[in-house]
Amino acid sequence: MAEATLGGSADSVSFEEAGLRYEVDGEIATITLDRPDKRNAQTFATWSALARIGDDLPEQVRIVVIQGEGPSFSAGIDLRMFTPEGVPGQGSFSSAAQLDEKSFEQRIEQAQQGFLWLRRPEIVSIAAVHGHAIGAGFQLALACDLRIVADDVKFCMKEPALGLVPDLTGTKPLVDLVGTAKAIDICLTARVVGAEEAFRIGLAERVVSRGGLAQAVQEKAAELLSTDRDAATATKRLLQGARGRTLEEQAAAERIEQKARIKALFAGS
Ligand code: ACO
């Protein structure tokens with residue numbers, strides 16, 4: 001029964017049904033949240049489709065841009081999940097509450113797969129965020145390596161206000177970016193973080209006008225593509241591991257990556 005599987009049939013839907021557009025142009029892939037009439041609300045089908053994009057990403061892609069169509073980046077999870085009827089074919093929180101522990105956890109893990117691949121060392125993911133980025137919308141922006149925002153951006157971690165926790169992989173990047181105290185402030189008040197604050201606390205790399213967002217993202221993509229592909233991948237891997245290592249361990253990791261680079265560049269010359 002579809003209701004009891006919390007999105008069991010979501011895996012096979014088209015990108016359009018999942019509320020996404022997806023285009024690859026050379027080294028740049030662009031994912032557009034494309035349900036503007038519903039403020040790009042996200043469903044399990046959206047997350048399955050995102051995971052599929054990650055699984056099938058062409059090898060040449062180095063930059064992944066995520067953006068939203070219409071007035072908002074994303075108003076978060078589809079609120080029909082809170083109703084007894086749920087999202088057709090994808091269940092509801094009520095049906096989820098009936099699942100056995102293992103299936104329930106697997107379903108959340110499946111949803112998280114839509115987000116986790118955006119941190120792969122081989123790519124740099126950029127969220128181009130304007131308007132509301134609420135709940136799952138905020139977490140999708142946090143799943144990306146960089147956030148370039150419009151001056152009308154409104155981040156809000158609404159989950160605690162609705163009795164939930166943020167579980168779409170957003171808590172760690174938020175803490176890594178702004179620190180535990182600020183993350184507690186933002187999440188436990190569910191308050192809005194605007195562009196000026198987002199820039200000041202390190203949530204956003206750059207703030208531009210709404211009309212300048214696409215160009216700012218293009219410029220950043222061009223800058224990122226100007227460095228050597230394999231060196232960029234190895235460097236991202238190093239940077240991602242840095243917080244979890246001591247200085248000595250990180251120095252050792254640098255040696256390993258550099259040996260591989262120098263061999264690749266100069267062995268045999
Ligand atoms: N799920 C489903 N539909 C939504 C959602 C949503 N999350 N957000 C907006 N919509 C729909 C509205 O129902 C409305 O549909 P209708 O035209 O058929 O009536 C349409 O999108 C436009 O919404 P408005 O509220 O009229 O748009 P507005 O621009 O005034 O406000 C805003 C935008 C602030 C985003 C508002 O829609 C809102 O607060 N949405 C809910 C946000 C939320 O609580 N999300 C859940 C967070 S928790 C999580 O993601 C896990």
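We count ligands from 1, going down the list as the structure has it; atoms in each ligand are counted the same way.
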Novice: Nearest protein heavy atom to atom 31 (O) of ligand 1: under 4.0 Å?
Specialist: no
Novice: Given the protein's heavy atoms, is any one of them under 4.0 Å from atom 4 (C) of ligand 1?
Specialist: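 For atom 4 (C) of ligand 1 the answer is yes, since some protein heavy atom falls inside 4.0 Å.
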Novice: Can you tell me the protein heavy atom closest to atom 44 (O) of ligand 1 and the distance?
Specialist: Lys158 NZ, 2.9 Å
Novice: Are Leu79 and Val87 co-members of a hydrophobic cluster defined by side-chain heavy atoms under 4.5 Å apart?
Specialist: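 Yes: a chain of side-chain contacts under 4.5 Å links Val87 to Leu79.
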Novice: Within 4.0 Å of atom 13 (O) of ligand 1 (strictly less), any protein heavy atom?
Specialist: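 Protein heavy atom within 4.0 Å of atom 13 (O) of ligand 1: absent.
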Novice: Please state which protein non-hydrogen atom is closest to atom 1 (N) of ligand 1 and give its distance, to 0.1 Å?
Specialist: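 Residue, atom and distance for the closest contact: Leu79 N, 2.9 Å.
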Novice: Give a yes/no on ligand 1: does Leu164 have at least one heavy atom closer than 4.0 angstrom to it?
Specialist: no
Novice: How far is atom 37 (O) of ligand 1 from its nearest protein heavy atom, and which residue and atom name does that atom have?
Specialist: Arg39 CG, 4.3 Å
Novice: What I want to check is whether the side chains of Glu219 and Gln215 have a donor and an acceptor closer together than 3.5 Å.
Specialist: yes
Novice: Does the distance from a Lys or Arg side-chain N to an Asp or Glu carboxylate O, for Glu196 and Arg200, drop under 4.0 Å?
Specialist: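 Result for this pair is yes, salt bridge flagged.
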Novice: How far is atom 38 (C) of ligand 1 from its nearest protein heavy atom, and which residue and atom name does that atom have?
Specialist: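 Answer, as residue, atom name and distance: Ile134 CD1, 4.5 Å.
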Novice: What I want to know is whether Gly135 and ligand 1 share at least one N or O pair that is separated by under 3.5 angstrom.
Specialist: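 No, since none of the N or O atoms of Gly135 sits under 3.5 Å from an N or O of ligand 1.
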Novice: Side chains of Ser103 and Asp100 only: does a donor on one sit below 3.5 Å from an acceptor on the other?
Specialist: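 Yes, side-chain donor-acceptor contact under 3.5 Å.
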Novice: If two hydrophobic side chains count as joined below 4.5 Å and joins carry through other members, does Leu146 share a cluster with Ile28?
Specialist: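 They do share one cluster, since a chain of ILVMFWY contacts under 4.5 Å joins Leu146 to Ile28.
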Novice: Tell me whether Glu122 is salt-bridged to Arg62, with the criterion being a basic N under 4.0 Å from an acidic carboxylate O.
Specialist: no
Novice: Answer yes or no: does an N/O atom from Ser72 fall short of 3.5 Å to an N/O atom of ligand 1?
Specialist: no
Novice: Provide, to 0.1 Å, the distance between atom 8 (N) of ligand 1 and the closest protein heavy atom, together with that atom's residue and name.
Specialist: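 Atom 8 (N) of ligand 1 sits closest to the protein heavy atom Ala75 CB, 3.3 Å.
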Novice: Can you give the donor-acceptor pairs under 3.5 Å from side chains of residues 151-166 to other protein atoms, not counting sequence neighbours?
Specialist:
| from | atom 1 | to | atom 2 | distance (Å) |
| --- | --- | --- | --- | --- |
| Asp152 | OD1 | Gly131 | N | 3.1 |
| Glu159 | OE2 | Gln139 | NE2 | 2.8 |

Novice: Tell me the contacting part of Ala136 for ligand 1: side chain, backbone, both, or neither, using a 4.0 Å heavy-atom threshold, strictly below.
Specialist: both
Novice: Applying a strict 4.0 Å limit to heavy atoms, is Leu168 in contact with ligand 1?
Specialist: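 Not so, Leu168 does not reach ligand 1.
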Novice: Nearest protein heavy-atom contact for atom 7 (N) of ligand 1: which residue, which atom, what distance?
Specialist: Ile77 O, 2.9 Å
Novice: Do the side-chain N and O atoms of Gln67 and Thr32 include a donor-acceptor pair separated by under 3.5 angstrom?
Specialist: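 Gln67 vs Thr32: donor-acceptor pair found between side chains.
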Novice: Is there a protein heavy atom at a distance of less than 4.0 Å from atom 48 (S) of ligand 1?
Specialist: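 Neighbour list for atom 48 (S) of ligand 1 includes protein heavy atoms (cut-off 4.0 Å).
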Novice: Relative to the heavy atoms of Asp37, which atoms of ligand 1 are at a distance of less than 4.0 Å?
Specialist: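 Listed by number with element: 20 (C), 21 (O), 22 (C).
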Novice: Is the count of non-hydrogen atoms from other residues, nucleotides or ligands lying under 6.0 Å from Tyr22 atom OH greater than 12?
Specialist: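 Counting other residues, nucleotides and ligands, OH of Tyr22 exceeds 12 neighbours.
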Novice: Can you tell me if Glu17 uses its side chain to pair, donor with acceptor, with the backbone of Ser14 under 3.5 Å?
Specialist: yes
Novice: For atom 51 (C) of ligand 1, what is the closest protein heavy atom, and at what distance to 0.1 Å?
Specialist: Glu159 OE2, 3.3 Å
Novice: Can a salt bridge be assigned to the pair Arg191 and Glu197 using a cut-off of 4.0 Å between side-chain N and carboxylate O?
Specialist: yes
Novice: Report yes or no: is the cationic atom of Arg52 (NZ for Lys, CZ for Arg) under 6.0 Å from the centre of the six-membered ring of Phe15, at an angle within 45° of the ring normal?
Specialist: yes
Novice: Under 4.0 Å from a heavy atom of Ala41: give me the atoms of ligand 1 that qualify, with their elements.
Specialist: 1 (N), 2 (C), 6 (C), 7 (N)
Novice: Got the closest protein heavy atom to atom 10 (N) of ligand 1, with its distance?
Specialist: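 Nearest neighbour among protein heavy atoms for atom 10 (N) of ligand 1, to 0.1 Å: Lys38 O, 3.8 Å.
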Novice: Please check atom 34 (C) of ligand 1 for a protein heavy-atom neighbour under 4.0 Å.
Specialist: yes
